[in-house]
Amino acid sequence: MTAEIIDGKAFADALRAQVAGAVPAFVDATGRKPGLAVVLVGDDPASSVYVRFKGKATLEAGMESFEHRLPEVSGQAELVALVEQLNADDRVDGILVQLPLPGHMDDKAVIATIDPAKDVDGFHVANAGRLAVGEKSLVPCTPFGALALLKHRLGDLSGLEAVVLGRSNIVGKPMAQLLLQQNCTVTIAHSRTRNLPDVVRRGDIVIAAVGQPQLVRGDWLKPGATVIDVGINRIQIGDGKTRLVGDVDFDSAKEVAGAITPVPGGVGPMTIAVLLRNTLVAAHARHDLRAPEGL
């Protein structure tokens, strides 16, 4: 058996088109475009590229993009003051502070200053708490995107056993909460889990988000499982060359799984698409408007 390849890029393109298609109605209702502000501290090359992609995607969706760059030597107070300024800016519906921040800054303290209604990353404790108790909230982009891919491929997830590898606040924990809301039976596995391959093998759904390249092998999987690989790791392949791989050993896994996301081209493209979706949803909520159906 060779697994179906889940095309995250195609799904993300469709979601971005859906968001762009809904923007004109918002503009007609409010007289303005939804706005996303992205803040980058320092000049990390990978973060700079990512921020540029976000700005380009925001403009392509017909939204306003506000990009703010601070030098790496900036103090935390300066960053907090900028976030508070964006909180008060009526043109801004979503605020994203690009992580990681420089070592002299406290990520959690900075995220805590973002207005939860504009927290399109879904990292604020208010949004995390609402998600945990099943209330409407802004949800972290990567888990939301992974869930969308699962529902598109499997339909009703009720009763399925899901194994989430990783317990981060960004992916693992919110992913587990979203799966519980879909009536899955959820196990969160991590670095201290005993007999990890046996635990993973129980999963009808496996979400790999541990940051260890090619950790999950084909013989860890239940035949026919749907595998969502959140990992993005760069490995050496000789002669100074590198390539991107996930947390799953794709070549062995595809011979056992029923469906699997590739790396790249799987979950990655969904993150920016869901960011645009979250910005549009936040914009509607700020104007007491109903978000478009299907978002």
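Numbering starts at 1 and runs along the sequence shown.
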Does one hydrophobic cluster hold both [X] and [Y], with members joined at side-chain heavy-atom distances below 4.5 Å?
| X | Y | result |
| --- | --- | --- |
| Val248 | Trp220 | yes |
| Val256 | Leu196 | yes |
| Leu295 | Leu178 | yes |
| Ile272 | Val92 | no |
| Ile5 | Ile207 | no |

Knowing that exactly one of [options] qualifies, which makes a side chain to side chain contact (heavy atoms under 4.5 Å, CB included) with [X]?
| X | options | result |
| --- | --- | --- |
| Asp247 | Leu165, Val263, Asn233, Val230 | Asn233 |
| Thr193 | Ile188, Val200, Val199 | Val199 |
| Val41 | Leu82, Leu79, Leu99 | Leu79 |

What are the two closest non-hydrogen atoms of [X] and [Y], and how far apart are they?
| X | Y | value |
| --- | --- | --- |
| Leu276 | Ala57 | CD1-O, 3.8 Å |
| Met270 | Leu149 | CG-CD1, 4.0 Å |
| Ala148 | Phe11 | CB-CE2, 3.8 Å |
| Arg130 | Pro116 | NH1-CB, 4.2 Å |
| Pro34 | Ala283 | CB-CB, 4.0 Å |
| Ala117 | Ala282 | O-CB, 3.6 Å |

Does a side-chain heavy-atom distance below 4.5 Å link [X] with [Y]?
| X | Y | answer |
| --- | --- | --- |
| Thr58 | Thr279 | no |
| His68 | Phe66 | yes |
| Leu160 | Thr185 | no |
| Pro174 | Asn169 | no |
| Asn183 | Leu157 | no |
| Arg69 | Val51 | yes |
| Thr242 | Ile235 | no |
| Met175 | Ile228 | no |

Ignoring hydrogens and angles, tell me if any N or O in the side chain of [X] forms a donor-acceptor pair with the backbone of [Y] under 3.5 Å.
| X | Y | value |
| --- | --- | --- |
| Asn278 | Val120 | yes |
| Asp119 | His124 | yes |
| His287 | Leu289 | no |
| Thr261 | Asp229 | yes |
| Asp121 | Pro140 | no |
| Asp204 | Glu161 | yes |
| Gln236 | Arg243 | no |
| Ser47 | Asp44 | no |
| Asn127 | Val139 | no |

So does [X] pair up with [Y], basic N to acidic O under 4.0 Å?
| X | Y | answer |
| --- | --- | --- |
| Glu64 | Arg91 | no |
| Asp106 | Lys108 | no |
| Asp90 | Arg286 | yes |

Is it true that, when you exclude [X] itself, more than 12 heavy atoms of the residues, nucleotides or ligands shown sit nearer than 6.0 Å to its [atom1]?
| X | atom1 | answer |
| --- | --- | --- |
| His152 | NE2 | no |
| Arg153 | CZ | yes |
| Leu70 | CG | yes |
| Asp43 | CG | no |

Working to the nearest 0.5 angstrom, can you tell me the gap between [X] [atom1] and [Y] [atom2]?
| X | Y | atom1 | atom2 | result |
| --- | --- | --- | --- | --- |
| Lys54 | Leu96 | NZ | CG | 4.0 Å |
| Arg277 | Leu15 | CZ | CG | 8.5 Å |
| Leu131 | Lys136 | CG | NZ | 14.0 Å |
| Leu154 | Cys184 | CG | SG | 9.0 Å |
| Ile170 | Lys173 | CD1 | NZ | 11.0 Å |
| Glu293 | Gln18 | CD | CD | 10.0 Å |

* To do: Assess whether side-chain contact (heavy atoms from CB on, under 4.5 Å) is satisfied between Ile260 and Ile6, documenting all intermediate values.
  => CA-CA 6 Å; Ile260 187 170; Ile6 299 173; 6.0 Å; no
* Carefully, step by step, assess Ser48 and Gln98 under the rule side-chain contact (heavy atoms from CB on, under 4.5 Å). => CA-CA 9 Å; Ser48 294; Gln98 183 67 36; over 6 Å; no
* Structure fact -> The salt bridge (Lys or Arg N to Asp or Glu O under 4.0 Å) partner of Asp198 among Arg201, Arg202, Arg194 is Arg201
* Asked: Could you walk me through whether Leu280 and Met63 pass the side-chain contact (heavy atoms from CB on, under 4.5 Å) check?
  -> CA-CA 9 Å; Leu280 185 61; Met63 300 182 184; 3.9 Å; yes
* Residue from Arg32, Lys118, His284 passing side chain to side chain donor-acceptor pair (under 3.5 Å) with Asp93 -> Arg32
* Go through Thr187 and Val164 one step at a time and tell me if the side-chain contact (heavy atoms from CB on, under 4.5 Å) criterion holds. => CA-CA 6 Å; Thr187 299; Val164 179; over 6 Å; no
